[in-house]
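Inspection log for the structure reproduced underneath, given as structure tokens.
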Amino acid sequence: MPLLSVENVTLTFGGLTAIRDLSFQVHAGEIVGLIGPNGAGKTSIFNCITGFYQPASGQIVFDGRSVLGLRPHRRTELGMARTFQNLRLFPNLTAAENVMAGAHCRTRAGLFTSMLRTPAQRLEERQVREMALHWLEFVGLKDQANRFSKNLPYGAQRRLEIARAMASQPKLLLLDEPAAGLNPAEKESLMELIYKIREGGVTPLLIEHDMSLVMRICSRLVVLDHGEKIAEGDPESVRNNPRVIEAYLGKEEEGA
Amino acid sequence: MVPFRNLRRLSSLLLALALVVLAGCGSAPSQQSPSPAGGGTQTQPSDQAPAPAEGDIVIGAVLPITGGSAKMGQDMQNSIEMAFEEINAQGGVLGRKLKLEVQDDACDPQSAVAAANKIVSMNVVAVISGYCSGAFLPTEAIYHNAGMGVVVPAANAVSLTEQGYEEINLINATNRDQARTAADYMVNQWGAKKVALIHDNSAFARELAELTRENLEGLAEVVAFEAITPGEKDFSAILTSIKSKEPDAIYFTAYYAEGGLIIKQARGLGIDAKIMVGDGANDPTLVEIAGAENAEGVAITTSPGAFDFTGSSDWIPRYREKYGEPGPYSVHAYDAAYVVAEAIKQAGTTDRAAVAKAIRNINIEGISGPISFTETGNRKDGYFIVLEVKDGEFTVVQGAPR
Amino acid sequence: MSQFLEQLLNALVIGSFYALVALGYSMVYGIIRLINFAHGDLYMLGAFFGYSALLLLGRISLGSGVTGVLLAMLIAMGMTGGLGVLVERVAYRPLRGAPRIIPLITALGMSLFLENAVMVFKPWGASFRVYPVTLGRAGFDLFGVHIGYAHLAIFAMALFLMVGLHLFVERSTYGKAMRAVAFDLEAAQLMGINANRMISLGFFLGSIMAAAAGVMAGLYYGQINFLMGFIVGLKAFTASVLGGIGNLPGAMVGGMLLGVLEVFGTSSVGGQWKDVFAFGALILILVFKPTGLLGERTAGRM
Amino acid sequence: MNTVNARSAGPDRGRLARTGGVVLLLAAAVALPFVSSSPYVLDIAIQMLFYMALALGLNVVVGYAGLLDLGYAAYFAVGAYTLGILTKTFQVNFWLALLAAGVFAMLLGSFIGMTVLRLRSDYLTMVTLGFGEIIRITANNLKITGGPTGIFGIMAPKVFGLSLGQPRNIYFVMLIVVVLSTIAMARLGNSRVGRAWACLREDQDAAEAMGINTLGYKLLAYLTGTFWGGLTGAFFAVKMTAVSPGSFSFMQSVTVLLAVVMGGMGSVPGVVLGGALVILLPEMLRAVSDWRYLVFGAALVLLMLFRPAGLWPARHAGKEEV
């Protein structure tokens with residue numbers, strides 16, 4: 001039973017069809033890559049999966065349960081976490097607080113317990129802090145805990161966003177171009193991070209343009225072009241698939 | 001951690017400093033505050049130590065100095081100061097000069113309460129206050145609790161004397177008298193059968209309209225009872241619907257700014273019914289806004305104002321030479337000043353309770369005629385007169401009842 | 001029946017004032033997504049500039065008659081337009097990147113400042129000022145309906161100004177540049193459009209519309225005071241949202257519609273609930289049809 | 001030395017100075033009624049306490065959740081009228097009426113909140129302004145609210161044997177209310193709920209993606225803020241013994257907003273300071289009171305240009321604790 005199943009999803013903006021009849025599945029433990037030229041609809045399908053867009057038709061089943069119509073925060077509770085293509089951290093909050101925000105749906109303190117600062121609330125706060133430190137350490141940012149996220153270097157912000165997503169203890173982690181703007185060394189550590197995430201039992205699903213990274217890390221690829229799936233399969237077969245090459249023709253030939 | 005380097009500490013120190021200054025200055029301006037033992041003035045209203053025997057006698061005044069009614073407050077303050085100058089010129093009261101301490105109520109309940117509390121905390125013997133009924137009402141309890149005698153020059157909503165405080169006295173006749181005069185004039189002088197009433201939903205204007213409706217029962221049919229929003233400019237909608245009811249007379253009970261517009265727009269819409277306005281609209285600007293030819297023949301119910309009193313023939317030039325055109329309540333404020341002065345003379349002391357009692361039992365001849373108060377604090381045999389606009393001028397058409 | 005037509009006439013006159021001021025709101029909101037709270041006060045300032053202009057012109061015997069009125073209106077529009085540009089330059093431009101709540105508070109502060117500046121400025125002051133020249137109440141009867149020349153003058157002038165503005169925005173090159181800035185500020189700049197100047201132009205045009213409405217209100221009603229801008233500003237905003245904020249024809253339609261709603265609401269239920277109609281309409285539109293009747297013309301970013 | 005929570009580090013000098021300052025302030029506040037017996041000083045101090053309480057309430061909506069509400073006076077009015085009507089017309093016991101005041105204001109807040117929270121921020125501002133005016137006009141027109149005169153002669157209840165009619169007693173009750181509210185609000189700001197608000201203020205979509213029910217938390221901010229407004233309104237009715245539509249105008253909402261903005265949006269000590277200054281400054285300017293709102297207007301503009309974070313900024317606003 002797949003962890004995530006996208007079935008015949010079609011998304012339209014007014015007259016424009018962003019995604020046409022797209023179906024693919026993600027099984028627990030595999031690393032699936034979603035690739036395709038710019039404007040192919042990759043981020044749009046991400047937004048459909050995470051609830052920011054409502055597809056015109058089709059079904060999205062997560063962990064055996066349809067999530068259509070659920071607002072994004074409900075889907076996060078069910079175990080779906082994401083990062084954003086253009087880094088949507090909380091700029092004026094510290095790195096620790098950003099990660100603690102991720103843990104929101106895993107904690108319970110309410111209005112009154114917070115006002116009265118009950119023992120249970122104080123305990124939970126301590127636990128949340130420690131958990132935040134844990135995830136910061138996981139992405140190697142422990143020493144930046146108190147710095148505002150807006151003051152962190154770009155690469156660190158990328159990793160902070162992953163730590164924030166992990167804090168909600170997801171089953172599925174949707175990564176929207178995590179390698180964008182990283183230098184080769186950072187890309188290497190990103191790969192190790194993704195492997196470490198998968199060892200931890202979390203299934204990554206990523207959108208990525210960096211072919212070399214995708215080819216090395218993903219066990220399966222889904223290729224989109226103009227909102228349609230034009231190919232699916234292991235990296236090698238996809239790389240030689242004529243339709244994929246043709247879709248990418250005109251873009252700079254990506255060296256292996 | 002130098003405390004001043006950071007604005008946060010600076011502002012908290014500023015606050016603490018301000019608290020201390022405030023506590024200090026709370027008593028400074030009034031030479032010395034009543035003995036600290038006096039504590040909450042709630043419990044012992046009138047037993048403060050008597051004010052010092054020498055120095056000026058301070059009279060308080062709480063009037064609208066800012067806001068929409070600023071002009072009215074200014075007129076009244078001028079007349080009180082003029083009266084005090086005359087009294088001080090003849091040796092003042094009990095051999096001491098009268099001094100006026102003015103506070104602004106801005107015609108707003110909250111500022112009025114703050115101003116009243118400030119006046120009561122000073123070494124003030126009596127108070128002249130009250131133009132906007134809505135603002136004056138919540139301050140009555142403060143004056144009562146402080147045992148402070150109050151003479152109210154203009155505000156005349158009926159509710160002002162319903163709380164049974166013996167310190168509150170109204171120079172101006174109340175809305176009950178005005179409603180009776182208006183109804184009688186419309187029915188008997190104009191022979192009106194169908195009357196439209198318009199108020200602006202303020203405490204005073206709505207009360208006057210409701211009392212007029214009561215007085216009209218059995219005499220004429222009230223075909224419309226409408227409200228407008230103060231500050232609004234366009235009343236064509238209401239006037240057009242009133243026009244369809246073909247009233248013989250329209251009585252507008254609110255203030256002159258909207259009154260002028262009502263007259264102008266009514267004539268503009270072809271309504272030729274006779275129009276009467278209440279004393280809130282008794283102001284020369286009414287004619288200016290309405291336009292002379294529209295205002296021709298408009299009647300005004302008002303308590304006798306500056307121009308109408310027999311005694312004012314020589315008073316007006318004296319006022320005009322010092323302050324220019326007198327407002328409708330300048331005479332009332334002038335008389336109020338004399339009532340206070342006379343009351344202190346009769347009480348022979350500056351003790352608040354004694355002065356308050358003396359005010360209630362006062363009986364003097366003012367510019368506005370004989371002044372004395374009923375046991376509820378209303379002006380005894382207060383009466384309203386009717387003016388009419390004749391080529392831009394206000395002329396008395398129905399004077400004092402004989 | 002004649003009462004209905006008369007009420008409709010009243011509604012169209014009130015609607016004209018709301019529409020003219022609403023144009024300013026829509027234009028400013030269309031360009032920089034800001035509710036210019038101070039816009040209602042520019043309407044009031046236009047009335048006061050007109051008042052002083054008429055007094056001055058009166059002294060050189062030009063004050064009365066159509067030329068005097070038009071001259072005074074032009075002066076008022078010029079002064080208010082300049083003030084509108086100054087307000088944008090001083091208070092809004094520095095805050096362009098700030099979170100949405102910051103410029104909103106500035107606009108509120110600017111509105112308070114302008115209102116009370118007029119109150120404190122002695123020649124204008126707190127009390128009511130009467131216009132030296134007012135439109136007469138002459139009129140004629142058509143099928144038993146009393147139509148004043150004043151009504152027609154107001155309606156005609158409003159229509160003239162609205163059509164003029166619409167043509168300018170739709171046809172002229174500056175108009176196109178302004179709409180480009182409205183659609184996407186950054187892209188427009190990349191196309192070599194001086195965005196700041198276009199925004200100033202937007203404020204200028206919005207302000208002269210409000211000023212014209214202010215002078216016309218002064219002439220028609222004859223009485224002005226420093227608080228008249230607040231309530232008209234609120235209603236004009238309601239009108240601009242009713243029509244679809246940022247959409248100029250929408251502001252015109254919205255203004256007229258609000259006039260009708262208010263007039264017929266008042267005559268049926270009573271004057272004291274008059275403002276409740278306007279605010280009720282605003283809330284209903286924003287909740288059920290935030291893009292307004294003719295559709296919003298701002299590319300709201302996700 | 002960068003433990004996550006710098007505050008829990010040993011008693012460093014910063015914290016000592018701050019607690020010392022607070023104790024000093026509290027001592028001054030408690031001593032005030034005894035130092036000066038003049039009703040004027042007491043009345044000003046009581047007004048300051050009211051505006052502090054209101055600013056704390058509005059701070060949840062504007063400071064914590066970032067929703068600019070321009071109709072806050074409406075909840076203040078609902079609280080005052082509820083208490084006035086219940087105690088005077090229906091002789092309901094004070095404590096019950098007090099609670100009812102808070103609850104009614106909250107109900108109204110939830111109704112308005114539900115209709116308003118989906119809107120863009122600037123539309124939300126205008127709609128709250130519209131609701132504020134509607135409520136003031138309704139209070140002015142209805143019979144049960146006493147029309148334009150409002151309700152007067154509200155009896156002061158006895159609380160622990162002290163009559164609230166006495167200025168000194170209402171002063172102490174309000175002082176307790178403000179102190180408790182300050183503590184509660186400070187804790188709230190620094191808790192999971194406070195963080196959720198901070199996130200939705202910073203980036204609503206990202207917050208939603210992090211599992212924060214943004215609509216739910218905005219509504220929660222509205223309910224908290226309006227409850228506080230209603231409660232304070234009830235005490236206001238007791239203090240003034242008369243409630244009229246005049247004291248719940250748009251200017252009232254603007255004054256409370258200025259307190260929050262001047263003090264520092266989202267900063268509890270800031271808004272408390274703002275609440276005090278917004279009463280203190282006009283009193284100092286009493287001699288030149290025409291200029292009061294002119295100065296308010298200018299202050300708002302200048303604050304936003306040069307000091308958007310306010311006099312006592314919230315920790316988040318641009319200052320890092322490394």
Side-chain angles (χ1 to χ4, degrees), chain B residues 64-74 106-107 198-202 206 224-245 254-271 283-291 293-294, chain C residues 2-11 13-14 17-18 47 116 119-120 125-132 134-139 141 145-151 217-218 220-228 230-232 259-260 262-268 270-276:
Chain B
I65 305 296
T66 60
S69 323
K71 186 165 163 311
M72 292 295 168
Q74 201 52 51
C107 206
I198 308 175
H199 60 91
D200 74 347
N201 238 326
S202 63
R206 185 168 172 160
F225 188 85
E226 292 287 349
I228 56 152
T229 320
E232 198 58 63
K233 293 281 184 289
D234 193 296
F235 308 113
S236 52
I238 290 198
L239 290 171
T240 308
S241 71
I242 287 177
K243 178 179 165 188
S244 64
K245 304 204 173 74
Y255 294 96
Y256 65 92
E258 285 79 27
L261 291 174
I262 290 271
I263 298 168
K264 179 179 161 77
Q265 288 170 28
R267 297 300 183 229
L269 290 168
I271 299 174
D283 188 292
T285 348
L286 175 83
V287 177
E288 231 184 300
I289 296 172
E293 88 276 10
N294 292 333
Chain C
S2 73
Q3 202 212 337
F4 173 77
L5 283 177
E6 274 174 11
Q7 292 287 37
L8 193 61
L9 203 57
N10 298 333
V13 169
I14 299 174
F17 291 126
Y18 290 153
N116 287 279
M119 182 186 86
V120 161
S127 51
F128 293 88
R129 293 287 170 211
V130 178
Y131 250 57
T134 55
L135 303 172
R137 61 183 172 88
D141 285 87
V145 171
H146 179 77
I147 300 171
Y149 292 124
H151 292 77
Y220 183 73
Y221 295 118
Q223 171 244 61
I224 57 174
N225 81 321
F226 72 102
L227 286 175
M228 68 196 267
F230 172 68
I231 196 75
V232 168
V260 169
E262 219 172 70
V263 163
F264 288 101
T266 322
S267 56
S268 55
Q272 65 267 31
W273 299 102
K274 177 173 179 178
D275 288 349
V276 170

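Convention: sequence-line order gives letters A, B, ...; per-chain numbering from 1. When reading the values below, keep in mind they use all heavy atoms of this one structure, side chains included, and skip hydrogens, waters and symmetry mates. Quantities reported herein were computed from a predicted structural model and do not represent experimental measurements.
- Among residues two or more places apart in sequence or in another chain, the salt bridge (charged side-chain N to carboxylate O under 4.0 Å, His left out) test is passed with B/D283 by B/K71.
- Contacts between B/I242 and chain C at a heavy-atom distance below 4.5 Å are absent for every atom of the residue.
- In this structure, the portion of B/S244 lying under 4.5 Å from any heavy atom of chain C is its side chain and not its backbone.
- For a residue to count as touching a neighbouring chain, one of its non-hydrogen atoms must lie under 4.5 Å from one of that chain's; by this rule C/L9 does not touch chain B.
- Ranking B/I198, B/I289, B/D234, B/I228 against chain C, the residue ahead of the rest is B/D234, based on heavy-atom pairs under 4.5 Å.
- Contact annotation for B/E226: only side-chain heavy atoms (C-beta onward) come within less than 4.5 Å of a heavy atom of chain C.
- For C/K274, the side chain to side chain contact (heavy atoms under 4.5 Å, CB included) test picks out B/T229, B/E232, C/K235, C/E262, C/T266, with sequence neighbours left out.
- A pairwise comparison of heavy atoms in B/L239 and B/I271 identifies O-CD1, 3.4 Å as the closest pair.
- Nearest heavy atom pair, residue B/A237 against residue C/N10, reads N-ND2, 4.1 Å.
- Neither the backbone nor the side chain of C/Y131 comes within contact range of chain B; no heavy atom of the residue lies under 4.5 Å from a heavy atom of that chain.
- In terms of non-hydrogen atom pairs under 4.5 Å with chain B, the most contact-rich of C/H151, C/E6, C/Q7, C/M228 is C/Q7.
- Relative ring orientation between C/F17 and C/Y220 is described as tilted, the plane-to-plane angle lying within the 30° to 60° band.
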- request: Carefully, step by step, assess B/F225 and B/H199 under the rule side chain to side chain contact (heavy atoms under 4.5 Å, CB included).
  value: CA-CA 8 Å; B/F225 188 85; B/H199 60 91; 3.5 Å; yes
